[in-house]
Number of protein chains: 2
Amino acid sequence: MNNKPIIHTKEACNAAVNAVRDTLYVVNGKWKLPMLVSLMTGPKRFKELQRELESITPKVLSKELRDLELNGFIKRTVYDTTPVTVIYERTDYADSLSNVINEMREWGMNHREHIKQMSRDEAEARKAVAV
Amino acid sequence: MNNKPIIHTKEACNAAVNAVRDTLYVVNGKWKLPMLVSLMTGPKRFKELQRELESITPKVLSKELRDLELNGFIKRTVYDTTPVTVIYERTDYADSLSNVINEMREWGMNHREHIKQMSRDEAEARKAVAV
DNA sequence: CCGGATCCGCCTAGATACTG
DNA sequence: CAGTATCTAGGCGGATCCGG
C-alpha cells in the first residue's frame, strides 16, 4: 500500500514509545539512580541515605523512596523499636534494570565523545570560513 | 579497606550515573521520540511534522528540533525557494540509539506486567485481611 | 529518628498571537 | 511556510517547620 516495508504500524510504534517513556520515567530525576547505587552496598536507614546523598532534603528523599517502592525497586521495612527503625533495601527486581542502565551508560559515554567531535568539526568549519 | 569487594569506586559510579543521565536527558520529554519515529519514514518539513505530531505547538516543535539537531540526531537543510523550504531528516547517528531504545522498550513492557502483578498481589493481600 | 505538612521560587510546556 | 514573541500555569525541587 505505501512505501513502508517494515512492521511499523502506528499502534505498534505508539506502544513502543509508551514503553520507552515508562522506562524513562521510572529512573528519571535527580536522585533515583544515586539512591539505587547507594543501596547496592547494603540496606540503609533513612538518615544514612540522606547523609550519603548529601544535599537531598528529607521531603524529597521520602518521596523518591516511595516512588522506588511503588515500582518494586526497593523494600521498606519498619522495625518496632523505640523510636522506630526503618530499613530500605534493594529488591532483586531492581537488578532487572541493569541491562538498560548499562546500555544507557555506554551510549552516554560515547555520546559525550561524539558531541566533542561535533564541536571540533564545527570550529574547523568556522576557521575555514574566517580565512 | 572497606567491605566493597568490587570495582565500584565513587568516581566511577558518578561518571556512570552522569553518562546515564546524559542518555536520559537527550531522549526525554514528550516529543523527542515521536519526532524521531516520525522522521523514520523520510525527511519532513516543519509543517509536516507539526501535522503528524498533532497538538504540538510551533514553539515547542522548534525548540525540540534544535535540541535534536544539537545532539546530532537530525540534519536541518534550508532550500532557497520563496518562501524558504526547510527540511529535517534523521542522521545515521540517530540509529546509534537503537540499542538503548530497544532495551528501554523491552524493559518498559515487562515492567508494565510486573506492576500489574504487584497490584494483583496487593489486592489479594487486602482481601485476606478484610476477611 | 523518620518523616509529614506547608510555603515558595523556578523552569518549562503550552496557548495565543504575530512576523518575514 | 517556518518559525518568533509574550504570557500564563502547573509541577517539581527545595526550605522550613512540625509531629509521632
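Letters A, B, ... are given to chains in the order of the sequence lines, protein chains preceding strands, and every chain is numbered from 1. Quick caveat, the model's predicted, so the values are computed rather than measured.
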[X] side chain, from C-beta outward: closest of [options]:
| X | options | result |
| --- | --- | --- |
| A:Val86 | C:dC2, D:dC1, D:dG13 | C:dC2 |
| B:Pro83 | D:dG13, D:dC1, C:dA13 | D:dC1 |
| B:Val84 | D:dA5, D:dG3, D:dA2 | D:dA2 |
| A:Lys47 | C:dA15, C:dC2, D:dC1 | C:dC2 |

d([atom1], [X]; [atom2], [N]) in whole Å:
| X | N | atom1 | atom2 | answer |
| --- | --- | --- | --- | --- |
| A:Ile56 | C:dC2 | CD1 | P | 14 Å |
| B:Gln50 | C:dG14 | CD | P | 13 Å |
| A:Tyr79 | C:dG3 | OH | P | 13 Å |
| A:Leu49 | C:dG3 | CG | P | 10 Å |
| A:Asp80 | C:dC2 | CG | C1' | 14 Å |
| B:Leu61 | D:dA5 | CG | C1' | 17 Å |
| A:Asp67 | D:dG11 | CG | C1' | 14 Å |
| A:Leu65 | C:dG4 | CG | C1' | 14 Å |

Considering just the side-chain nitrogens and oxygens of [X], establish if one lies under 4.0 Å of OP1 or OP2 belonging to [N].
| X | N | value |
| --- | --- | --- |
| A:Arg66 | C:dC2 | no |
| A:Arg45 | C:dG3 | no |
| A:Arg51 | C:dC2 | no |
| B:Trp31 | C:dT12 | no |
| B:Ser62 | D:dT4 | yes |

Heavy atoms only, 4.0 Å cut-off, all strands: where does [X] land among base, sugar-phosphate and nothing?
| X | result |
| --- | --- |
| B:Lys30 | sugar-phosphate |
| B:Tyr88 | sugar-phosphate |
| B:Lys63 | sugar-phosphate |

**Report entry** B:Glu48 (side chain) donor-acceptor with B:Arg45 (main chain) under 3.5 angstrom
**Finding:** yes
Report task. Take A:Glu64 and B:Ile87, find for each the nucleotide of DNA chain D with the closest heavy atom, and name the residue whose nucleotide sits nearer the 5' end. Result ->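 Nearest nucleotide further toward 5': that of B:Ile87.
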Query raised in the report: Does B:Arg76 or A:Pro58 map to a spot on DNA chain D nearer the 5' end, using the closest nucleotide for each?
Result: B:Arg76
**Report entry** Donor-acceptor pair under 3.5 Å, B:Lys59 side chain vs C:dG14 base
**Finding:**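 Checked by distance alone, the answer is yes.
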[X] vs [Y] side-chain heavy atoms within contact, under 4.5 Å:
| X | Y | answer |
| --- | --- | --- |
| A:Tyr88 | A:Leu68 | no |
| B:Leu36 | B:Leu97 | yes |
| B:Ile87 | B:Arg76 | no |

Query raised in the report: Do B:Glu106 and B:Asn102 meet the criterion of a side-chain donor-acceptor pair at a distance under 3.5 Å?
Result: no
Query - Distance-only polar pair, side chains of B:Tyr93 and A:His111, donor-acceptor under 3.5 Å - result: yes
